[in-house]
Amino acid sequence: MRILIVDDDADSLLLLQHILRAAGYGDVSVAASAGEALQLLGLTDGGSGGMDVDVILMDIIMPEMDGIEACRRIKGHERFRDVPVIMVTARTESRDLEAAFAAGATDYITKPFNKVELLARLRSALALKQERDWRKARERELLDVSLQLKAANEALQRLSCQDGLTGIANRRHFDETFRSEWRRAVRDHLPLSFILIDIDYFKTFNDVYGHQAGDACLQQVAQTLVASLSRPGDLVARYGGEEFAVILSDTNAQGAAVVAETLRTQIERLGIPHQHSAAGRIVTISLGVATATPNGHRRPESLIAAADEALYRAKALGRNRVEV
Ligand code: GH3
Ligand code: MG
Ligand code: MG
Ligand code: MG
């Protein structure tokens, strides 16, 4: 433990230093004035860095700046908020004692002091400091743990919404978003559109190119769908194996058809080879679009069913097309 003694009287300094050393305190620094103490602690303009201390023994009567003012200045700094200051002074009046405690002093010993009492009070102050240091470290640890927990929670939250293969929103996240967007549309009397997307002849793609190539194709299609939508209110999710779903909030049928056609051409443009696809020997998608202005009487499932029927028509009419 590091102790700083501040006293303008050389004899006092020597005596205190001697007592502390004899009591086994090896790390004792001294300052012959309040100014020197502030400098040592790095609290003056010239003070470079400044040392850390665990307890300060402070004289009161000193020229230029007295110990009470010095104590006030030291305790005013965040770095020294937990450092006990023991006043060791010839002043015995109550108002001095009162002023010392008001300035942040922890204890008050009058000169001439009793050596045993001084050491006992010093031990008590050091124990207080240790307790404060320990508590601070614990608080830091706790804060650290809670920050880690928060980050882990956020990561978990993200993961629970993500499809493992493609990294886009999963079915769970879709279901939640669909329900909340439906409620919002009911409340705000806004149209809500939904697109169901299915990759054409994907079974034969897997058969010809292998399951791994199939997975890579799904990833590419998913990323392209996400990249093709620009509004924050849009959501693309992996709906099933090779099916994707798009929620378009505040979008009417006409707008949704335009978006669907954009998605179709963007996938076509990828030009992923697919020898056994009837549609141009590349991977294509079929899309079913449905729009509703939700109200309390309509069921959200009806919108999905309508998109499903439209998708079925798109398949029947030759695939690689949008049906509304
Ligand atoms: P259609 O044009 O009528 O949609 O024909 P299709 O072959 O795409 O339709 P179907 O629904 O019969 O086939 C879907 C295929 O998608 C079957 C399955 O092997 C494949 N599939 C589903 N999920 C995955 C996946 O995660 N990875 C891979 N590689 N293939 C998948
Ligand atoms: Mg003095
Ligand atoms: Mg399918
Ligand atoms: Mg398919």
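What you see below is based on every heavy atom in this structure, not just the backbone, and it leaves out hydrogens, waters and symmetry mates. Ligands are counted one by one from 1 in listed order, and the atoms in each one are counted from 1 as well. Fair warning: this is a prediction, and the values are worked out from it, not measured in the lab.
Ile197 and Phe178 fall into different hydrophobic clusters, defined by Ile, Leu, Val, Met, Phe, Trp and Tyr side-chain heavy atoms under 4.5 Å apart, directly or through other members. Hydrophobic clustering (ILVMFWY, side-chain heavy atoms < 4.5 Å, transitive): Ile285 and Ile282 are in distinct clusters.
Shown here is Glu131, whose CD atom has more than 12 heavy atoms of other residues, nucleotides or ligands within 6.0 Å. Within 6.0 Å of atom CD in Glu261, more than 12 heavy atoms from other residues, nucleotides or ligands are found, so the atom counts as buried in its surroundings.
With a 4.0 Å cut-off on non-hydrogen atoms, Asn206 touches ligand 1 through its side chain and not its backbone. The part of Ile199 lying near ligand 1 is the backbone, judged by heavy-atom distances below 4.0 Å.
Side chain of Arg172 to main chain of Ser160: a donor-acceptor pair is present (N/O by atom type, distance under 3.5 Å, no hydrogens or angles).
Counting the atoms of ligand 1 from 1 in the order shown, those under 4.0 Å from a heavy atom of Gly214 are 29 (N). Close approach to Tyr201 involves these atoms of ligand 1, each under 4.0 Å from a residue heavy atom: 1 (P), 2 (O), 5 (O), 6 (P), 7 (O), 8 (O).
Not a single protein heavy atom sits closer than 4.0 Å to atom 10 (P) of ligand 1.
Applying the ring pair (Phe, Tyr, Trp, His ring centres under 6.0 Å) rule to Tyr209 yields the partners Phe205; only residues at least two apart in sequence or on another chain are considered. Under the ring pair (Phe, Tyr, Trp, His ring centres under 6.0 Å) criterion, Tyr25 pairs with no residue, sequence neighbours left out. Among residues two or more places apart in sequence or in another chain, the side chain to side chain donor-acceptor pair (under 3.5 Å) test is passed with Asn206 by none.
For atom 24 (C) of ligand 1, the closest non-hydrogen atom of the protein is Leu218 CD1, 3.8 Å. Taking atom 3 (O) of ligand 1 as the reference point, the nearest protein heavy-atom neighbour is Arg319 NH2, 3.0 Å. Atom 8 (O) of ligand 1 has its closest protein heavy atom at Phe202 N, 2.7 Å.
At least one heavy atom of Arg238 sits less than 4.0 Å from an atom of ligand 1.
Around the Mg ion (ligand 4), the protein N, O or S atoms found under 2.8 Å comprise Asp198 OD1, Ile199 O, Glu242 OE1.
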